[in-house]
Each structure stands twice: as structure tokens, then as C-alpha cells.
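Naming convention: chains lettered A, B, ... in sequence-line order (proteins, then strands); numbering from 1 in each chain.
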2 protein chains.
Amino acid sequence: MKVIERPVLKKTGYKDIKREVFNRIRKNEWPPGTLLPGEVELAAEFGCARATVNRAMQELSDDGIIDRKRKGGSRVNLAPVRQVTFEIPLVRAEVEGKGATYKYELLYNKTDIAPIWLQDQLSLSAYSRVQHLRCIHFADGKPYQYEDRWINHSVVPLASEFDFSTISPNEWLISEVPYTNAEVRFSAISAEKYVATALEVNVGDPIFRAERTTWLSDEPVTFVSLYFAKGYEMVAKY
Amino acid sequence: MKVIERPVLKKTGYKDIKREVFNRIRKNEWPPGTLLPGEVELAAEFGCARATVNRAMQELSDDGIIDRKRKGGSRVNLAPVRQVTFEIPLVRAEVEGKGATYKYELLYNKTDIAPIWLQDQLSLSAYSRVQHLRCIHFADGKPYQYEDRWINHSVVPLASEFDFSTISPNEWLISEVPYTNAEVRFSAISAEKYVATALEVNVGDPIFRAERTTWLSDEPVTFVSLYFAKGYEMVAKY
DNA sequence: AAGTGGTCTAGACCACGAC
DNA sequence: TCGTGGTCTAGACCACTTC
């Protein structure tokens with residue numbers, strides 16, 4: 001008589017523990033507020049080392065599912081802090097990712113003293129020299145995104161010499177000043193004349209706008225306003 | 001003579017390693033594309049166990065700074081995939097967090113057969129019963145967010161019995177059906193009459209809208225459109 | 001003061017994937 | 001094939017916090 005072969009029983013890894021704990025939480029076996037068993041106890045239950053349990057619980061904590069405190073133990077979060085994560089691709093990558101042809105065009109490029117509002121925005125000293133660029137990104141020949149950017153020359157002096165007629169400031173900056181900190185603000189605005197013209201929409205049409213300020217360890221690098229074409233949607237799953 | 005006390009020299013932890021490696025990358029000592037030293041080598045350099053280096057490098061990988069492959073080693077990412085993370089709080093918490101007084105009002109509440117477009121949106125079978133709610137959230141007495149929600153009764157039948165006149169469907173659902181999957185879409189739209197009236201803005205004004213579809217393991221739970229008051233901004237740092 | 005999570009170690013085995 | 005990262009272990013010490 002033939003013995004049915006079974007796949008070898010896999011050892012419980014941290015992922016298994018993470019899934020199992022999460023399931024118990026989701027099934028309300030451990031409702032919000034519950035004090036979970038300690039790491040030692042869980043390790044005993046799952047028959048593994050404490051370090052393995054620790055990793056699983058750490059990740060659940062990172063994911064905002066549970067809250068951990070020394071001595072206090074781990075508790076199921078009362079108000080799960082849902083967080084959405086968006087990837088911020090290069091415009092070019094975004095356009096090409098949709099299967100469209102990307103085109104870029106420089107509209108304006110001038111270096112001068114920073115206007116007052118920008119000094120405020122970037123905490124610049126008076127008379128700082130900044131480069132002002134305006135450009136537009138196309139998808140299949142149609143305007144996709146209008147970009148209005150200011151670059152701080154005291155941090156990125158090389159910008160003055162670079163030819164932005166073929167490479168967009170976005171792309172150049174990423175290669176030149178990688179790993180910056182940034183703040184983004186998304187909002188809905190009404191298209192004013194200049195933007196409306198560039199994006200080929202009517203004045204007053206609703207526009208999805210992203211404003212981003214970027215620093216290289218406390219030094220302001222650039223401020224950019226991105227105006228998206230009509231119908232643009234920013235999507236995320238979580 | 002008094003001896004200056006120094007803090008005891010701390011051992012190098014995974015955070016130190018992470019910071020150090022990141023600094024070398026940022027200083028272009030290890031430019032994008034560089035093949036980094038292996039974990040064993042780094043462990044030797046930092047005088048610690050491989051596991052410690054491993055944790056540091058894992059996090060750098062999670063952060064999108066480096067790319068790791070078995071046998072291939074770790075490389076500095078060419079195109080750093082920047083990602084922004086937003087927290088999605090309860091409206092109430094959001095309003096109160098701004099120091100404003102929160103108020104909620106139910107405008108509409110009716111249960112019926114799902115309209116065709118919703119059947120599509122949620123992959124519902126025909127004749128599914130859904131509850132349609134409209135409500136508005138105030139901050140200091142001013143309209144803050146208008147909510148238009150549909151709840152799938154076959155997943156959350158209890159919704160039909162619940163009194164939404166004081167507790168918003170948002171809050172009730174989170175307590176009732178926690179840890180769901182969701183997809184959000186943000187866009188800028190033009191206020192049509194009904195929304196404009198509710199938010200006390202002019203018809204045609206630009207509105208920041210979030211649409212969210214929620215599932216409880218493949219079962220569609222709810223679809224909601226959130227319309228934010230004029231001037232609303234969604235902010236994130238990264 | 002004591003219990004819980006945070007972190008490190010030294011060693012081990014495994015699995016992927018470049019060669 | 002075989003080097004690299006992925007993961008686990010058993011034990012240890014430490015630091016934070018609540019009691």
C-alpha cells in the first residue's frame with residue numbers, strides 16, 4: 001500500500017505568527033484594547049524563539065495594528081490609525097507607465113532675487129538668488145502636468161549652468177540631490193489664466209494641485225507647484 | 001582637579017549602522033548603482049554581529065534606499081522610489097485635532113436596491129440591498145466635510161438597525177468592521193448643486209474629493225465619497 | 001522593584017539567483 | 001554551483017514604565 005507523501009511541515013516563521021495574531025484580532029477574538037499575551041508566552045504557544053515572535057509583533061506595531069510598551073505589554077489599537085501610502089514616481093515614469101508617450105517642454109527659465117513669499121516659504125535670507133522654471137509634461141501629446149518650480153541657488157548652484165531644455169528639473173534634481181526631506185500639500189484649486197492656458201482647460205476649471213517643498217538636511221532646496229490635467233486621480237490601496 | 005564625565009561609549013546598534021550607511025550614500029561616497037559590501041564585511045567593519053547589520057540593511061531596503069538580492073548583494077537604488085504616507089484619521093479626530101468643535105448631522109438615510117453604477121463599483125449582484133446615507137461634518141459650526149455613503153447590507157446587516165443620527169457611519173463602521181482593505185482616489189471636482197449647498201460654497205467651486213471603497217476580505221463593505229470644504233489641504237511629510 | 005519589550009550575539013541552515 | 005541575503009535559535013543584557 002502506498003503512503004501518500006505530504007509536503008514537509010514548514011516551521012512557523014515570523015510571517016505565520018504575524019498572520020495568525022492579525023487574524024485573531026480581526027475575528028474579534030482579541031478585540032481592540034485587549035492586552036495580548038507576552039512574547040515569552042506567545043513563543044511557547046507557537047513553539048519558537050522569542051526573537052521570532054518579537055519580529056512579528058514589531059511589524060504589527062509598525063503597521064499600526066497594535067501598540068507596544070515596555071512593561072505595559074502589547075495592546076490591540078483602539079483607533080486603528082489607517083495610513084495610506086502613495087508612491088511618488090517621476091512624471092516621466094508615471095506617463096510611460098500608463099503606456100503613453102512622454103514629452104517635456106521648457107516654458108520659462110530665469111534667475112533672480114527670491115520674491116518675498118518665497119523667502120517665507122523656504123526661510124531664505126533676503127536677496128537670495130533663485131532660479132524660476134516653468135515647464136509642461138505631455139502624455140501622448142496632451143498636457144498632463146504643468147510644473148512651476150523655484151530652485152535655491154545657494155544649495156544647488158550647478159542648476160544655473162544646466163540646460164533644462166531636454167531634461168526636466170525634476171529629473172535633474174533627483175540625480176543631483178537625492179535623498180532629501182520633503183513636505184507635500186494636495187488641494188483642489190481653480191485654474192487661473194496662465195495655468196488654464198498651459199493645460200488647455202477653461203479658466204475656473206477645478207485642478208488637482210500638489211505643492212512640494214524640499215530640504216537637504218535643513219537647507220531648502222526647491223519649491224514646486226504641480227498642476228495636473230483635468231480628470232487626474234491619485235489612487236492608493238491600503 | 002575635576003575629571004569631566006563622559007557618557008559611556010555606546011555600542012554600535014543597528015540604528016547607527018543604518019545612519020552611517022545612509023550618510024555614505026547621501027554623501028555620494030556610495031553613489032546610486034554601487035554594490036555595497038556584504039553583510040559579513042560590514043559586520044566586521046562595525047564590529048558587530050551579522051544580524052545587526054542585517055536589520056539595518058533590511059530597513060534601508062524597506063525605506064526604498066537600497067535594493068537587495070540574494071547572491072546579488074545590496075545596491076544603492078538608482079531611482080529612489082519616494083513614498084508619501086498619509087494618516088487617515090476619523091473626521092471627528094481631524095477636526096478636534098485642529099482645536100475646533102466637532103458637530104455631525106445626518107441628512108439622509110434610506111435603504112433600497114443598489115443602483116447599477118454601484119453594483120459595478122462594488123461588484124454586487126443585482127437587487128442587492130444597500131443603505132444610502134448622506135451627512136455632514138462641521139468644524140466650529142462651519143461645514144467641513146460632506147459625506148455620501150453606501151453600505152452593503154449583505155455584509156453589514158446591523159447597519160439597518162443602527163441609529164446614525166448621533167454617531168456617524170464612519171465611526172460606527174470602524175468599530176463594527178475594523179481592519180478592512182480599501183482603495184482611495186483623490187481628485188479635484190467642480191461642486192454641483194447638492195454638494196455646493198451642503199458645503200455652503202458656490203456651484204462650480206473646486207472641491208477636493210476622496211472616494212473610498214472598502215472590502216472585508218473580498219466582500220465589499222462600503223463606498224463613500226467625501227467632499228471637503230473649500231481650501232482643504234492634505235499634508236504629508238516624508 | 002519587577003516585568004515587558006528592545007536589542008545584540010554567535011552560530012546555524014536555507015533559498016534564491018547570478019554565474 | 002555556491003555566495004549572498006533571509007530567517008531562526010537560545011541565551012543574554014538593557015531600558016523603559018508601570019506598579
Side-chain angles (χ1 to χ4, degrees), chain A residues 5-22 24-25 30 32-78 80-81, chain B residues 5-22 24-25 30 32-78 80-81:
Chain A
E5 295 257 357
R6 296 200 188 191
V8 185
L9 191 59
K10 266 172 64 183
K11 217 194 294 187
T12 49
Y14 76 96
K15 285 178 180 169
D16 301 303
I17 299 177
K18 187 180 172 185
R19 194 177 338 106
E20 175 60 21
V21 170
F22 182 62
R24 292 186 190 171
I25 290 174
W30 286 334
T34 307
L35 178 63
L36 303 182
E39 296 192 347
V40 189
E41 197 175 331
L42 285 173
E45 183 197 330
F46 290 110
C48 65
R50 182 169 79 96
T52 307
V53 174
N54 182 272
R55 180 153 183 197
M57 300 299 271
Q58 286 253 327
E59 292 205 355
L60 286 171
S61 173
D62 289 343
D63 295 349
I65 311 288
I66 66 176
D67 197 32
R68 320 191 78 202
K69 271 182 196 149
R70 284 164 148 135
K71 168 74 180 176
S74 303
R75 283 181 185 282
V76 180
N77 250 323
L78 284 170
V81 180
Chain B
E5 297 256 355
R6 298 198 187 192
V8 185
L9 191 60
K10 267 174 60 184
K11 216 193 293 184
T12 50
Y14 78 97
K15 284 177 180 168
D16 301 302
I17 299 178
K18 187 180 172 185
R19 195 180 334 110
E20 175 59 21
V21 170
F22 181 61
R24 291 187 191 170
I25 290 173
W30 286 333
T34 307
L35 178 63
L36 303 182
E39 296 192 348
V40 188
E41 198 175 330
L42 286 174
E45 184 198 330
F46 290 109
C48 65
R50 181 167 82 94
T52 308
V53 173
N54 183 273
R55 178 151 183 199
M57 301 299 271
Q58 286 253 331
E59 292 206 355
L60 285 170
S61 174
D62 289 343
D63 294 349
I65 311 289
I66 65 175
D67 198 31
R68 321 189 77 202
K69 270 181 196 150
R70 284 167 150 134
K71 167 74 180 176
S74 303
R75 284 181 186 281
V76 181
N77 249 324
L78 287 169
V81 179

Rounded distance (Å) that lies between atom C1' of dG6(D) and atom CZ of Arg55(B): 15 Å
Listed partners of Glu41(B) passing side chain to side chain donor-acceptor pair (under 3.5 Å), at least two apart: none
Non-neighbouring partners of Phe46(A) that pass ring pair (Phe, Tyr, Trp, His ring centres under 6.0 Å), sequence neighbours left out: none
Residues from residues 61-73 of chain A lying under 4.0 Å of DNA chain C - heavy atoms: Arg68(A), Lys69(A), Arg70(A), Lys71(A), Gly73(A)
Phosphate OP1/OP2 of dT9(C): any Thr52(B) side-chain N/O under 4.0 Å: yes
Tabulate protein N/O versus nucleotide N/O from nucleotides 10-12 of chain D, keeping only pairs under 3.5 Å, one per line.
| unit_1 | atom_1 | unit_2 | atom_2 | d |
| --- | --- | --- | --- | --- |
| dA12(D) | N6 | Arg50(A) | NH2 | 3.0 |

Distance-minimising heavy-atom pair for Thr12(B) and Cys48(B): OG1-CB, 4.4 Å
For Arg75(A), all residues meeting salt bridge (Lys or Arg N to Asp or Glu O under 4.0 Å), sequence neighbours excluded: none
Whole-Å distance separating the CD atom of Glu39(A) from the P atom of dT9(D): 13 Å
Contacts of type side chain to side chain donor-acceptor pair (under 3.5 Å), residue Asp63(A), not counting sequence neighbours: Lys18(A)
Distance-only donor-acceptor hits, side chain of residues 50-57 of chain A, under 3.5 Å, sequence neighbours excluded:
| unit_1 | atom_1 | unit_2 | atom_2 | d |
| --- | --- | --- | --- | --- |
| Arg50(A) | NH1 | Glu39(A) | OE1 | 2.7 |
| Asn54(A) | ND2 | Glu39(A) | OE1 | 3.4 |
| Asn54(A) | ND2 | Glu39(A) | OE2 | 2.9 |
| Arg55(A) | NH2 | Tyr14(A) | OH | 3.3 |
| Arg55(A) | NH2 | Gln58(B) | OE1 | 3.0 |

Integer-rounded Å distance: dG6(C) P and Asp16(B) CG: 18 Å
Distance test, side-chain N/O of Ser74(A) to OP1/OP2 of dT4(C), below 4.0 Å: no
Separation of atom OH in Tyr14(B) from atom P in dG5(D), rounded to whole Å: 20 Å
Value in whole Å for how far the P atom of dG5(C) lies from CD of Gln58(A): 11 Å
Contacts of type salt bridge (Lys or Arg N to Asp or Glu O under 4.0 Å), residue Arg70(A), not counting sequence neighbours: none
Between C1' of dG6(C) and CG of Leu60(A), the distance in whole Å: 16 Å
Exercise: identify the closest heavy-atom pair between Ile66(B) and Ser74(B): CD1-CB, 4.2 Å
Residue-phosphate contact under 4.0 Å: Lys15(A) side-chain N/O, dG6(D) OP1/OP2: no
Whole-Å gap separating P (dG5(D)) and CD1 (Ile17(B)): 14 Å
Integer-rounded Å distance: dT4(D) C1' and Leu42(B) CG: 12 Å
Side chain to side chain donor-acceptor pair (under 3.5 Å) partners for Arg24(A), two or more places apart: Glu20(A), Glu45(A)
Short side-chain N/O contact to dT7(C) OP1/OP2 from Asn54(A), under 4.0 Å: no
